[in-house]
Amino acid sequence: MKNINYNTTGTCARIIHFTKTDDGRITNVSFEGGCNGNLKAISKLVDGMTAQEIHDKLAGNICGNKATSCADQLAKAVMSAE
């Protein structure tokens, strides 16, 4: 099991925390900053998914006129985890 802290770019959330289990599942997702209610919901919805599943669902989502979003940053974060 590995605990990961990912510094985001271009979003209101500053850091994403999560655990990658030995079998490759992502759990315990939490965000510092951002839209609290929405990010709690995303965290619950992705709990137990693989990095690839999360990436496939969330990559490319944007927020307003930004080129990224907290969901997009989560997709990047889980794929960057070793």
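These values consider heavy atoms only, across backbone and side chains, with no hydrogens, waters or symmetry-generated copies.
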List in chain and number order the residues that pass side chain to side chain donor-acceptor pair (under 3.5 Å) with Thr68, two or more places apart in sequence or in another chain; answer none if no residue qualifies. Asp72, Gln73
Which residues pass the side chain to side chain donor-acceptor pair (under 3.5 Å) test with Asn7, not counting sequence neighbours? none
So, using side chain to side chain contact (heavy atoms under 4.5 Å, CB included) as the criterion, who are the partners of Asn65 when residues are at least two apart? none
Just distance, no hydrogens or angles: give the donor-acceptor pairs under 3.5 Å from side chains in residues 34-42, sequence neighbours left out.
none

Could you list the residues that satisfy salt bridge (Lys or Arg N to Asp or Glu O under 4.0 Å) with Glu32, not counting sequence neighbours? none
By salt bridge (Lys or Arg N to Asp or Glu O under 4.0 Å), which residues pair with Arg25, not counting sequence neighbours? Glu53
Hey, what do you get for NZ (Lys66) to OG1 (Thr11), rounding to the nearest 0.5 Å? 6.5 Å
What I'd like to find out is whether the side chain of Ile54 reaches to under 4.5 Å of the side chain of Ile26, using heavy atoms alone. yes
Ignoring hydrogens, what is the shortest heavy-atom contact between Ser43 and Phe31? Give both atom names and the distance. OG-CE1, 3.6 Å
Partner residues of Asn61 under the side chain to side chain contact (heavy atoms under 4.5 Å, CB included) criterion, sequence neighbours left out: Leu58, Ser69, Ala71
Which is it for Lys44 and Asp47 under the side-chain contact (heavy atoms from CB on, under 4.5 Å) test, yes or no, and what are the steps along the way? CA-CA 5 Å; Lys44 288 179 180 183; Asp47 191 58; 5.9 Å; no
Which residues satisfy the side chain to side chain donor-acceptor pair (under 3.5 Å) test with Asn28, sequence neighbours excluded? Thr19
Is the closest side-chain heavy-atom distance between Lys76 and His55 below 4.5 Å? no
Hits for side chain to side chain contact (heavy atoms under 4.5 Å, CB included) against Lys2, two or more places apart or cross-chain, chain-then-number order -> Ile4, Glu82
Side-chain heavy-atom pair Tyr6, Ser80 within 4.5 angstrom cut-off: yes
Run the side chain to side chain donor-acceptor pair (under 3.5 Å) test against Asp23 and tell me which residues pass, sequence neighbours left out. Thr21
